[in-house]
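Let me begin by presenting the structure, written as structure tokens, before commenting on it.
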Protein chains: 2
Amino acid sequence: MVDRPRRPIPEATVARLPVYARSLGELTRDGVATISSEQLAELAGVNAAKVRKDLSYLGSYGTRGVGYDVEYLLYQMSRELGLTQDRPVAIVGMGNLGHALANYHGFSDRGFVVAALIDADPTKVGERMGELVVRSIAELPAVVAEHQIAIGVIATPAAVAQDVADRLVDAGVRSILNFASAMISVPPDVSLRVVDLAVELQILSFYQQRGKVTLAAVPDPMRSPEGSTVVEADDGPTAVTAAAVARS
Amino acid sequence: MVDRPRRPIPEATVARLPVYARSLGELTRDGVATISSEQLAELAGVNAAKVRKDLSYLGSYGTRGVGYDVEYLLYQMSRELGLTQDRPVAIVGMGNLGHALANYHGFSDRGFVVAALIDADPTKVGERMGELVVRSIAELPAVVAEHQIAIGVIATPAAVAQDVADRLVDAGVRSILNFASAMISVPPDVSLRVVDLAVELQILSFYQQRGKVTLAAVPDPMRSPEGSTVVEADDGPTAVTAAAVARS
DNA sequence: ACCTGTGAACCCCTTCACAGCG
DNA sequence: CGCTGTGAAGGGGTTCACAGGT
């Protein structure tokens, strides 16, 4: 309806938008009406120039001499991030991590609903977790269709991660968040993000091994507070086109 | 003892080393003796040129016309990552995520030992989890000293994340992995990595919102398989110098 | 013949610095 | 006078392409 996204937003910027959105949400709750790039930078842990550049990709929503209207900026950002309506998420793999994610209440406040839980283990299928019942992996296509699943979260052992990814893709899921310690390949039209806990620790281990170092990391796009040694490669973070990774 | 790290290793490369190490570990288990940059690239989900550049920062461990000796390369890489001896990790915050992390067995195989569990809730302190007993946050300095904690993992609510970080730093911990949805500031000599689950989902949401996109992400340094739309900004991951983020 | 190691080109992102507007 | 929005400069990382060993 409004002006459509004009120019392509850089990947690095996209990775920071959620961080700004989080800060803006807190400001809204605190009743703050207006904020400068300098102040927002402080809250998000980046520098002011970066904030202004990033926000400029969304449009000219600031007022010179004043700053940004918190509520309006948050609205525009949420729209850009597709958070104006809740997106249904399916979690596959009800081990320790899957359980934790299923019970994590941080999602509901931030634009997502855990709409389905899935496992391959027959002894786990049927188990009740809050409002949900664990469904069988065999039912995946039905579950995805039924709940209009937008994002699939893989929390299975590494050995079956690729198989699960394939099933998610076949079922029509086009966004995947992979927590398994395995590289998975998806078609070029599927978005994939990767979080490997052991990898995070190993990166920290590297820098500990030496003297201090200066890194930068926020959602791989995720740099941390400027100034401290935020070791988030960015690889941060971490978006890659799946096309190149042909199925081995 | 051996030749010390010659030139500084780029942050982006550091974030990928753990991914290579993971692949090399699998190759070792499969009894593969030698591997080319092309093959390793396939396994790690990056391109061959990048693999060669990255490995060249470690030294000249390959053989022209042949490739790399898997075991030797893995040894050198582990040494560089400081994984030759296990590093003790403390998890602070025994909620859903803290529990999951405490029970996650992927750490022990990859160079880390969960050596201590900590919570502020008196009803949780004393609780037994596997071989460990949950200790009070008040005991943090003693626990850190006792177990020589190298890395602190924050799995608390966002509201107390900064306080926990301050306590960890005061206790002498110089590497922190933050799972809380809050920006935290640490001194410049402390390494910080950030993983925010909601942020990851929101990044995926952005790309879903539009047509497909091409991203790149491995530990923000974490890009995914080349070719697919790996939406990991890299940003990977995500290392920043804390100094800049003065305590507000 | 093959594959590594690397200088050089290229590209993206960050940072600077200031013009432009309120 | 203040703060945004942005062209331009600067830096880092990726990719190319080939020289150099085996």
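Just so we're clear, the structure is a prediction, and the values are computed from it rather than from any experiment. Letters go in sequence order (proteins before strands), and every chain restarts at 1.
- A salt bridge between A:Arg52 and A:Glu38 is absent, with no side-chain N of the basic residue lying under 4.0 Å from a carboxylate O of the acidic one.
- Here D:dG13 presents its C1' atom at 15 Å from CD1 of B:Ile9, a figure rounded to the nearest Å.
- Atoms CG and CG, on A:Leu101 and B:Leu97 in that order, are 7.5 Å from each other to the nearest 0.5 Å.
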Counting primed atoms plus P, OP1 and OP2 as sugar-phosphate and everything else as base, spell out the protein contacts along nucleotides 3-12 of chain C at 4.0 Å heavy-atom distance: B, S or - for each nucleotide, 5' to 3'. BBBBBB----

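- Rounded to an integer number of Å, the gap from A:Leu73 CG to D:dC3 C1' is 14 Å.
- Inspection of the B:Ser181 and A:Arg110 side chains reveals an N or O donor paired with an N or O acceptor under 3.5 Å.
- For the residue pair A:Gln76/A:Tyr72, the side-chain donor-acceptor check at 3.5 Å is satisfied.
- Note on A:Asn47: every side-chain N or O is 4.0 Å or more away from OP1 and OP2 of C:dT14.
- Atom pair B:Asp54:CG and D:dG13:P shows a separation of 10 Å (rounding to whole Å applied).
- For A:Glu26, the CD atom sits in a packed shell: over 12 heavy atoms of surrounding residues, nucleotides or ligands are nearer than 6.0 Å.
- The only member of B:Val153, B:Leu83, B:Asp86 that meets side-chain contact (heavy atoms from CB on, under 4.5 Å) when paired with B:Phe112 is B:Leu83.
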